[in-house]
Amino acid sequence: MKEDSNISFADKVYALCKKIPKGRVSTYKDIGNALGGYGQVYRAVGVALNRNSHAPIVPCHRVVNSNGNVGGFAHGTKNKIKLLKAEGIQVVNGKIKEFKKVFFIITTSK
DNA sequence: ACCATGACGCACA
DNA sequence: ATGTGCGCCATGG
């Protein structure tokens with residue numbers, strides 16, 4: 001049944017983003033995978049975050065691409081990099097340094 | 001109900 | 001290694 005009928009897909013994305021600890025980053029694919037598990041949900045994840053009006057509430061800037069690229073940002077990719085660096089994450093040429101190292105494995109299973 | 005868009009990912013050349 | 005094209009889901013008009 002629809003256990004999540006009360007919340008939208010985007011809402012789940014925001015919840016996971018908030019679970020990301022400071023100094024760590026996650027990928028759209030991993031988030032989507034952690035949510036549904038269809039495999040290509042990361043598309044909807046990007047759309048959800050793009051519309052994310054909870055910007056300051058949700059650390060969406062901690063979400064990056066699976067290839068280590070910072071990806072995009074509604075306020076500007078450049079600004080996103082700046083925020084990541086402020087978190088202690090090293091970014092070089094728009095790419096996450098030690099990506100695997102700062103990568104945080106999201107878990108829906110409490 | 002249908003069409004178009006989007007902060008991605010991967011396969012292929 | 002780099003560049004281009006295609007496909008997927010969910011949301012909005």
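Just so you know, these numbers come straight off a predicted model, no measurement behind them. Naming: A, B, ... by sequence-line order, numbering from 1 per chain. Hydrogens, waters and symmetry mates are skipped; everything else that's a heavy atom, side chains included, is used.
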CA sep, side-chain torsions, deciding dist, call: Tyr14(A), Lys12(A), side-chain contact (heavy atoms from CB on, under 4.5 Å)
CA-CA 5 Å; Tyr14(A) 304 142; Lys12(A) 303 182 201 169; over 6 Å; no

Take Phe73(A) and Cys60(A) through the side-chain contact (heavy atoms from CB on, under 4.5 Å) test and state the conclusion after the steps.
CA-CA 9 Å; Phe73(A) 197 53; Cys60(A) 38; 4.1 Å; yes

Using side-chain contact (heavy atoms from CB on, under 4.5 Å), reason through Thr27(A) and Phe99(A) one step at a time and then give a plain yes or no.
CA-CA 10 Å; Thr27(A) 66; Phe99(A) 174 58; 3.5 Å; yes

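Atom CG of Leu16(A) and atom C1' of dA7(B) are 16 Å apart (whole Å). The interatomic distance linking Lys78(A) (NZ) with dA7(B) (P) rounds to 18 Å, in whole Å. For the pair Tyr42(A) OH and dC10(B) C1', the computed distance is 7 Å after rounding to whole Å. Protein atom CG of Asp11(A) is 10 Å distant from nucleotide atom P of dT11(C), rounded to whole Å. Atom P of nucleotide dA7(B) and atom CZ of Phe73(A) are separated by 13 Å, given to the nearest angstrom. Atom-to-atom, CG of Asn33(A) to P of dC10(B) comes out at 11 Å; the value is rounded to the nearest Å. Rounded to whole angstrom, the span from the CG atom of Asp30(A) across to the P atom of dC9(C) amounts to 19 Å. Rounded to whole Å, atom P of dA7(B) lies 16 Å from atom CG of Asn79(A).
Hydrophobic clustering keeps Leu83(A) apart from Val63(A) (ILVMFWY residues linked when any side-chain heavy atoms are closer than 4.5 Å, directly or through intermediates). Phe103(A) and Ile89(A) fall within the same hydrophobic cluster, where Ile, Leu, Val, Met, Phe, Trp and Tyr residues are linked whenever their side-chain heavy atoms come under 4.5 Å apart, directly or through other members.
Here Phe9(A) lies in heavy-atom contact (under 4.0 Å) with sugar-phosphate atoms only.
Nearest nucleotide to the Leu49(A) side chain, out of dG7(C), dA7(B), dA10(C): dA7(B).
Phosphate contact (OP1/OP2 of dC10(B), side-chain N/O of Ser66(A), threshold under 4.0 Å): present. Between Asn65(A) and dA7(B), a side-chain N or O to OP1/OP2 separation shorter than 4.0 Å is absent.
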All N/O pairs under 3.5 Å across the protein-nucleotides 1-6 of chain C interface:
none

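The residue among Lys29(A) and Val47(A) whose nearest nucleotide of DNA chain B is located toward the 5' end is Val47(A).
With Glu87(A) as the fixed residue, the side chain to side chain donor-acceptor pair (under 3.5 Å) test singles out one of Arg62(A), His61(A), Lys22(A), Arg24(A): Arg62(A).
Closest of all the heavy-atom pairs between Thr77(A) and Gly71(A) is CG2-O, 3.2 Å. Across all non-hydrogen atoms, the minimal contact from Gly94(A) to Asn69(A) is O-OD1, 2.6 Å. Taking all atoms of both residues into account, the shortest heavy-atom contact from Ser26(A) to Ile20(A) is CB-CD1, 3.6 Å.
Residues from residues 89-96 of chain A lying near DNA chain B, meaning a heavy-atom separation below 4.0 Å, are absent.
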